[in-house]
> 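Dropping a structure here in structure tokens format, bear with me for questions.
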Amino acid sequence: MCGIVAYVGARQASGVIVKGLKRLEYRGYDSAGIALIESNNLRVYKKKGKVVELESELDSRNLNSTIGIGHTRWATHGEPNDVNAHPHFSNSGKLAIIHNGIIENYASIKTDLINKGYQFKSETDSEVFIYFIEDIQQKNSCSLEEAVRLALQKVVGAYAIVIISQDDPNTLIAARKGSPLVVGVGKNEYFMASDATPIVEYTNEVVYLNDQEMAIISPDSLTIKTTQDVETTPYIQTLDMELDAIEKGGYHHFMLKEIFEQPRSIGDCMRGRLNAATGHLLLGGIREYANKLENADRIIIVACGTSWHAGLVAEYFFEEFCRTPVEVEYASEFRYRNPIINEGDVVIAISQSGETADTLAAIELAKSKGAIIFGVCNVVGSSIARTSHEGAYTHAGPEIGVASTKAFTAQLTVLFMIGLRVAYQKGTISESTYRELLVEMEQIPTKVETALQLNQQIECIADLFKDARNFLYLGRGYNFPVALEGALKLKEISYIHAEGYPAAEMKHGPIALIDEEMPVVFIATNDSSYEKVVSNIQEVKARKGKVIAIVTEGDSLIPSMAEFVIEVPATHEALMPMVSVIPLQLLSYHIAVMRGCNVDQPRNLAKSVTVE
Ligand code: G6P
């Protein structure tokens, strides 16, 4: 959460920064600000609301600075308003900071500073941070770099920070611990950002700062040191990201673009890894520890949000085909309940962003207990990818819409490939089923393409239900996590209350909600629990609920019961979630658009949740 952009070089910094902040808005969008050095003076401009509000504020000014820092905020400490927006000045007004993360011991530091006579303008921990740094600098008569280092040794929490100083108008000082920071390396210019998307149009050479590292950057030099003052050689990587991957490409919203990208993203995810004709299935990132997965006594999956739903689908698959017990844990719960992790357990951490604070902390905990960690991430070079022992990228490309769509189906693709490979190596799957599943996997992009052709039909259904106050989503087996995901998508972007349930559990509570007003979405494809789901549909019909059913093409029974039937192509039941989730993504998208909601940036949410 919160996006950081900084620039030093020869360009107009404000243009680079504002454009970059727009690309990072998915990380937080309740206020934005920028600090520049103009005519030797440090100036801060900030505004409640979206980056465009800041932009129009800046438009009227004749800005002229070749160095600057900017921030788009997702509030943690203090409500979203102009004062709490970043950057924050130091007490003297000669330093300014942008900060992504949380300083956990800020209250005690603040009390000490107040006792020394300092007065704060905002309610943020970040303002305390920069006052603290300046106080240390003055007390020790040391350089800013040294003061930052000393301060970092005292603060507890997570941070990515960039500091600008009026007294040194050619230098930016940055540091990270727990929150991401990427440095883009140009010719006599450097860019800094929370991820590579603001950088990619200027350079494809980047350095990912490691935890506990600081960067001291001026137009002609980049120095990286640990917070223990040991200089390290910057490891420059080449980005594999195209500009059009982070633009809307003719779609009204990133979310719609990303939904429609799924045939390609699923295909990209399998490319070079799976070949049904030859029986080849190999994930290059899982080699050294592959035997740990195959011999695991138990697989623990940790994740949050949509990634957790992908983990639930994997549980069904791994248990069915690998015969390995699986537990799927909310990372936020797992990390605080002193979990039992035995030798022989392995952990799979799933995360689109690779930065989710709870998932990262769950990994650290499991690692400290000796577990081997496999990361399933989308963002290349992200913290989770780097902290895992091994793993596999989902290769879905940048996902910008806050509600996750293509990342989910790519996660499923990777997890199925991992599971299939393990099952094959363990000998818990027959050669014929293995081959059948490989063939089916290869056909998924085409089947998703077919499911996307339902768009218009789904738009019509959305129109009929856009004013509903509640929705229920029901499914069984592999489609149960799909029901959870469908409900999550709807509530995230349309603000309609929705619940996902295992269809059979309906009678233990949610059935009380059903009346003629209540839309009930059944994911009722033709699988091993089909008859049972049909009975559950009858139970809803008997109470006059309005049934929208996702069925397999050619289903002749459910159309006689449901008000609305959406037909998706047949596939193996284990792979069906990748197809059956498509109409649910489209349904929530259209309902949200019809309700006038901000689909790509729903209220209160952020895409990358770097606070716990
Ligand atoms: C946020 C996002 C969700 C995402 C979840 C987990 O809540 O809005 O779309 O599923 O975080 O994020 P991760 O990056 O770890 O998959």
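Keep in mind that this is a model prediction, so the values were computed, not measured. Hydrogens, waters and symmetry mates are skipped; everything else that's a heavy atom, side chains included, is used. In listed order, ligands and their atoms are each counted from 1.
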> Is it the case that the side chains of T405 and Q585 hold a donor-acceptor pair, with the cut-off being a distance below 3.5 Å and no angle test?
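Checked: Q585/T405 side chains show no N/O donor-acceptor pair below 3.5 Å.
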> Do you see a donor-acceptor pair shorter than 3.5 Å between the side chains of T306 and E485?
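Short answer, yes.
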> Out of curiosity, is A303 lining ligand 1, as in a heavy atom under 4.0 Å away?
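Outside the 4.0 Å threshold, so no.
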> Check ligand 1 against C304 and write out every atom of the ligand that is under 4.0 Å from a heavy-atom position of the residue.
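In order of number, 6 (C), 10 (O).
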> Hey, are T387 and E364 close enough side-chain-wise for a donor-acceptor pair under 3.5 Å?
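Yes, T387 and E364 have a side-chain donor paired with an acceptor closer than 3.5 Å.
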> Taking the minimum heavy-atom distance to atom 3 (C) of ligand 1, which of E492, E485, Q352, E355 ranks first?
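Selected option, by shortest heavy-atom distance: E492.
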> For E333, is the CD atom crowded, meaning more than 12 foreign heavy atoms sit under 6.0 Å from it?
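No - once you tally the heavy atoms of other residues, nucleotides and ligands closer than 6.0 Å, there are 12 at most.
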> Determine whether any heavy atom of L605 lies closer than 4.0 Å to an atom of ligand 1.
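Per 4.0 Å heavy-atom rule, L605 does not contact ligand 1.
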> Can you name the atoms of ligand 1, numbered from 1 with element, that are less than 4.0 Å from a heavy atom of V402?
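Taking each heavy atom of V402 in turn, ligand 1 has 8 (O), 9 (O) under 4.0 Å.
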> Which is closest to atom 12 (O) of ligand 1 in terms of heavy atoms, V609, V379, T356?
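Nearest option to atom 12 (O) of ligand 1, by heavy atoms: T356.
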> Would you sort out whether N479 and S580 count as a side chain to side chain donor-acceptor pair (under 3.5 Å), showing the intermediate values?
CA-CA 8 Å; N479 279 326; S580 59; 3.0 Å; yes
> Check each atom of ligand 1 against the heavy atoms of S404 and keep those under 4.0 Å away; list them by number with element.
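Answer, ordered by atom number: 9 (O).
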> Short list, please: which atoms of ligand 1 are under 4.0 Å from a heavy atom of S351?
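Those qualifying, in numeric order: 13 (P), 14 (O), 15 (O), 16 (O).
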> Assess the side chains of Q262 and T409: does a donor N or O sit below 3.5 Å from an acceptor N or O?
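Yes, because at least one side-chain N or O of Q262 sits under 3.5 Å from a partner of the opposite role on T409.
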> Verify, without hydrogens or angle tests, whether R298 (side chain) and E327 (backbone) share a donor-acceptor contact under 3.5 angstrom.
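Here the side-chain-to-backbone pair does not exist.
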> Write out the residue and atom name of the closest protein heavy atom to atom 4 (C) of ligand 1, then the distance separating them to 0.1 Å.
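Sorting protein heavy atoms by distance from atom 4 (C) of ligand 1 puts T306 N, 4.2 Å first.
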> T359 versus ligand 1: do any nitrogen or oxygen atoms come within less than 3.5 Å of each other?
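Between T359 and ligand 1 (N or O atoms, distance only) the closest approach is not under 3.5 Å.
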> Examine distances only and state if a side-chain atom of E573 and a backbone atom of Y478 form a donor-acceptor pair shorter than 3.5 Å.
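Checking the backbone N and O of Y478 against the side chain of E573, no donor-acceptor pair under 3.5 Å is found.
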> Answer yes or no: is there an ion pair linking R176 with D211, defined by an N-O contact shorter than 4.0 Å?
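Here R176 pairs with D211 in a salt bridge, since their nearest N and O are under 4.0 Å apart.
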> Show which atoms of ligand 1 fall inside a sub-4.0 Å distance from at least one heavy-atom site of K607.
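Going through ligand 1 atom by atom, the ones under 4.0 Å from K607 are 1 (C), 2 (C), 11 (O).
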> Which of the numbered atoms in ligand 1 are under 4.0 angstrom from any heavy atom belonging to A606?
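Ligand 1 atoms under the 4.0 Å threshold to A606: 1 (C), 2 (C), 8 (O).
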> Of all the atoms in ligand 1, which lie at a distance below 4.0 Å from a heavy atom belonging to S307?
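Checking each atom against S307, I get 10 (O), 13 (P), 16 (O).
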